[in-house]
> 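I have a structure here, written as structure tokens, and I will follow up with some questions on it.
Heavy-atom basis, side chains included; hydrogens, waters and symmetry copies ignored.
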Amino acid sequence: MKSISRRTMFAGGFGVAALTLAACGDRATPTEAGAFASPPSLTPKAGQNVVTQTLTAAPTTLDLGGKAVSTWAYGESLPGPLIRATAGDLMRITLDNRLPETSTIHWHGIRLHNAADGVPGMTQDAVEPQASFTYEFVVPDPGTYFLHSHVGLQLDRGLYAPLIIDDPDEPGDYDAEWIVTLDDWLDGTGQTPDEVLAALTDAGASDAGGMDHGDMPMGDGGSRGMDHGDMPMGDEPWGDAGDVAYPHFLINGRVPEAPEIFEAKPGQRVRIRLINASADTIFALALGDHDLSVTHSDGFPVDPVTAKALYLGMGERYDVMVTVKDGMFPLVARPVGKTSGGQGLAVMRTGTGEVPAPGVQVPELDGEVVIGSALEPAETARLEDRTVDTELELAFQGSVQPYQWAINGAPYGQNTPLSIREGQRVRIIATNQTMMSHPLHIHGHTFALPSGLRKDTVMMAPMESLALDFDADNPGRWAAHCHNAYHQEAGMMTGIDYAS
């Protein structure tokens, strides 16, 4: 199995030579190890609930449904154990690191205080092997989130888990709830994520086989681009969608040959919490013969939209409501722009019928697929209307050959963090200057798109530009990066810094 896509790509709007990029292993560490004191323990307020749990990160063997893989995980399950709390709770979650290298935990999408954000060299020292670290923070917003390691490519192993924050004021007008976590998988199948990145960054990586990207023109005259082949037209907005050819795509840690089966009764109303925990894959998701009512994006409510299918970029989460029919129905997560590895599959069983085949095709994926950034926010989710105090630029840049990724002209460790002041309404003009799609994730804050839609992770199509507004109400050193783990590790990350 070869895991590298084959293409030549150039940064859009400028020459690759203009980038002051360094090889991945040569990046400077922004903060020296040992620079971070242990954060003070938080004292619960009167009546405040405290959620306590320990996550042990360790090498293990996981069963993906008849396929055993050696990997790293939190315990013996994939995804890791669910952590659930209610908005306003105080979290005390301990990472017990039994890995052969350092690790951390990042609480993706949570607006927490800076010391608990889990970014090594930016908010904490990485947790050494055979050591532990306790994260303490208050969860302010209800919603669907997840947690994952923020060290190297550990996300592309099994080091992630769902994190659900309940709303104490929500009516709960549904009969059942399912958590559906999507993933792309190669660890333990003959290659590790680190070996794949090493091949990508090698000078000859563009000849390493994998997907054939054909003749689609690139941003400034690249000789090869993307061959859509049999990919439906609905996938075209994302251009070149990923670098790695995965042998498996998983739903809740299981291959499609042994799918998870969700039980319900005909006529029930089901809330499905969708999490894309993958490292390199956009998914188009549909439930056969059903409509999805999209109700939340990255934890925040939206004006409900009825959809046949929905895109999920890396790091994005959506909640949908479904009124279920009688029978056996496939829940399909089709990887966008990838021609190997099949698809993700789970099954909804409300009556009799045969379990769908691993390669089952659902017609819902042949029509319009909703792009999450086109949703409209619920009025309760809108930012307060106020004047923008400062406007900054953030540009995604880079190339596949050589495999170098950057923000604002240089990789992480060499680029200049964005500087803002506490109390400002900040506008970031984010521009994707490449012919690949990139999910932009900003830590410690949620931002508003021009429509008012609140998100912390947004898919950016090739050459797309978006204005992102947020309030600088959470001082610290915060990461802003592409949530394609391979792009981030190869330099596509910067900081947003401000003090109280």
Side-chain angles (χ1 to χ4, degrees), residues 9-22 27-28 30 119 122 218-220 237-239 298 313-316 373 383 386-399 404-484 487-499:
M9 185 163 76
F10 295 85
F14 57 89
V16 170
L19 293 177
T20 56
L21 300 179
R27 292 205 313 276
V119 181
M122 183 176 282
M218 304 311 286
D220 63 352
W238 305 121
D298 291 357
M314 299 79 92
E316 287 190 306
S373 57
L383 284 177
R386 57 174 286 192
T387 302
V388 173
D389 299 301
T390 187
E391 187 172 291
L392 303 168
E393 294 184 356
L394 186 155
F396 280 157
Q397 300 154 337
S399 68
Q404 298 174 333
W405 299 101
I407 290 179
N408 291 350
Y412 178 57
Q414 298 178 29
N415 54 28
T416 301
L418 305 181
S419 181
I420 60 178
R421 295 198 306 272
E422 186 177 17
Q424 290 181 323
R425 169 63 61 84
V426 179
R427 175 166 293 167
I428 293 179
I429 305 300
T431 304
N432 179 5
Q433 296 182 355
T434 81
M435 292 303 291
M436 285 196 77
S437 52
H438 301 281
L440 171 59
H441 176 50
I442 295 179
H443 288 213
H445 304 76
T446 62
F447 49 79
L449 302 182
S451 66
L453 181 70
R454 296 285 294 280
K455 290 184 71 62
D456 55 72
T457 309
V458 63
M459 282 302 308
M460 297 193 67
M463 309 308 292
E464 183 177 17
S465 182
L466 289 171
L468 311 177
D469 289 0
F470 67 91
D471 289 327
D473 57 3
N474 194 8
R477 299 185 64 210
W478 300 102
H481 62 88
C482 174
H483 216 272
N484 181 311
H487 296 174
Q488 175 190 321
E489 187 63 8
M492 197 172 257
M493 175 165 145
T494 192
I496 300 175
D497 293 356
Y498 64 109

> First locate atom OG1 of T494, then atom CH2 of W478, and finally report the distance between them rounded to the nearest 0.5 Å.
15.0 Å

> For N415 versus A410, what's the shortest heavy-atom pair and its separation?
ND2-O, 3.1 Å

> Go through the structure and list residues passing salt bridge (Lys or Arg N to Asp or Glu O under 4.0 Å) with D298, not counting sequence neighbours.
R317, K455

> Would the distance check show the side chain of Q414 and the main-chain N or O of P411 forming a donor-acceptor pair, the cut-off being under 3.5 Å?
no

> To the nearest 0.5 Å, what is the distance between CD on E316 and OG1 on T457?
6.5 Å

> For residues 454-477, which residue pairs qualify under ring-ring contact (aromatic ring centres under 6.0 Å, His included), counting only residues two or more places apart or in two chains?
H445-F470

> What pairs with A479 under side-chain contact (heavy atoms from CB on, under 4.5 Å), at least two apart in sequence or on another chain?
V119, M122, H443, H481, M493

> Are L468 and L440 side-chain neighbours, meaning at least one heavy-atom pair lies under 4.5 Å?
yes

> In a check of side chain to side chain donor-acceptor pair (under 3.5 Å) between H438 and each of H487, Q488, E464, H483, which one passes?
H487

> At their closest point, which heavy atom of A448 faces which heavy atom of L383, and how far apart are they?
CB-CD1, 3.6 Å

> Is there side-chain contact between I428 and I496, with at least one heavy-atom pair below 4.5 Å?
yes

> I442 and A480: which non-hydrogen atoms are nearest, and at how many Å?
CG1-CB, 4.2 Å

> Work out which heavy atom in P450 is nearest to a heavy atom in A467; give both atom names and the distance.
CD-O, 3.2 Å

> Would you indicate whether E422, at its atom CD, is surrounded by more than 12 heavy atoms from other residues, nucleotides or ligands within a distance under 6.0 Å?
yes

> Give a yes or no on whether the backbone of P417 and the side-chain of D497 come within a donor-acceptor separation of less than 3.5 Å.
no

> How close do N432 and A461 get, heavy atom to heavy atom, and via which atoms?
ND2-O, 2.9 Å

> Closer than 3.5 angstrom, by distance alone: can the side chain of Y498 be matched with the main-chain N or O of D473 as a donor-acceptor pair?
yes

> Taking salt bridge (Lys or Arg N to Asp or Glu O under 4.0 Å) as the definition, give me every residue that meets it alongside D471, ordered by chain and number, with sequence neighbours left out.
R386, R425

> Taking the side chain as every heavy atom from C-beta outward, state whether W405 and N484 have any atom pair closer than 4.5 Å.
no

> Kindly say whether G409 contributes a backbone atom to a donor-acceptor pair with the side chain of Q397 at under 3.5 angstrom?
yes

> Using the rule given for side-chain contact (heavy atoms from CB on, under 4.5 Å), can you reason through F396 versus C482, listing the C-alpha separation, both sets of side-chain angles and the distance that settles it, and then say yes or no?
CA-CA 8 Å; F396 280 157; C482 174; 4.1 Å; yes

> Considering non-hydrogen atoms only, spot the tightest contact between G444 and N474 and give its length.
O-ND2, 3.1 Å

> Sequence neighbours left out, what pairs pass salt bridge (charged side-chain N to carboxylate O under 4.0 Å, His left out) with at least one residue falling in residues 426-436?
R427-D469

> Please report the interatomic distance OG1(T416) to CD1(I407), rounded to the nearest 0.5 Å.
12.0 Å

> When you compare the side chain of L418 with that of N408, does any pair of heavy atoms fall below 4.5 Å?
yes

> Taking only residues two or more places apart in sequence or in another chain, which ones pass side-chain contact (heavy atoms from CB on, under 4.5 Å) with S465?
I429, T431

> Within this structure, what is the OG1-CE distance for the pair T434 and M492, rounded to the nearest 0.5 Å?
6.0 Å

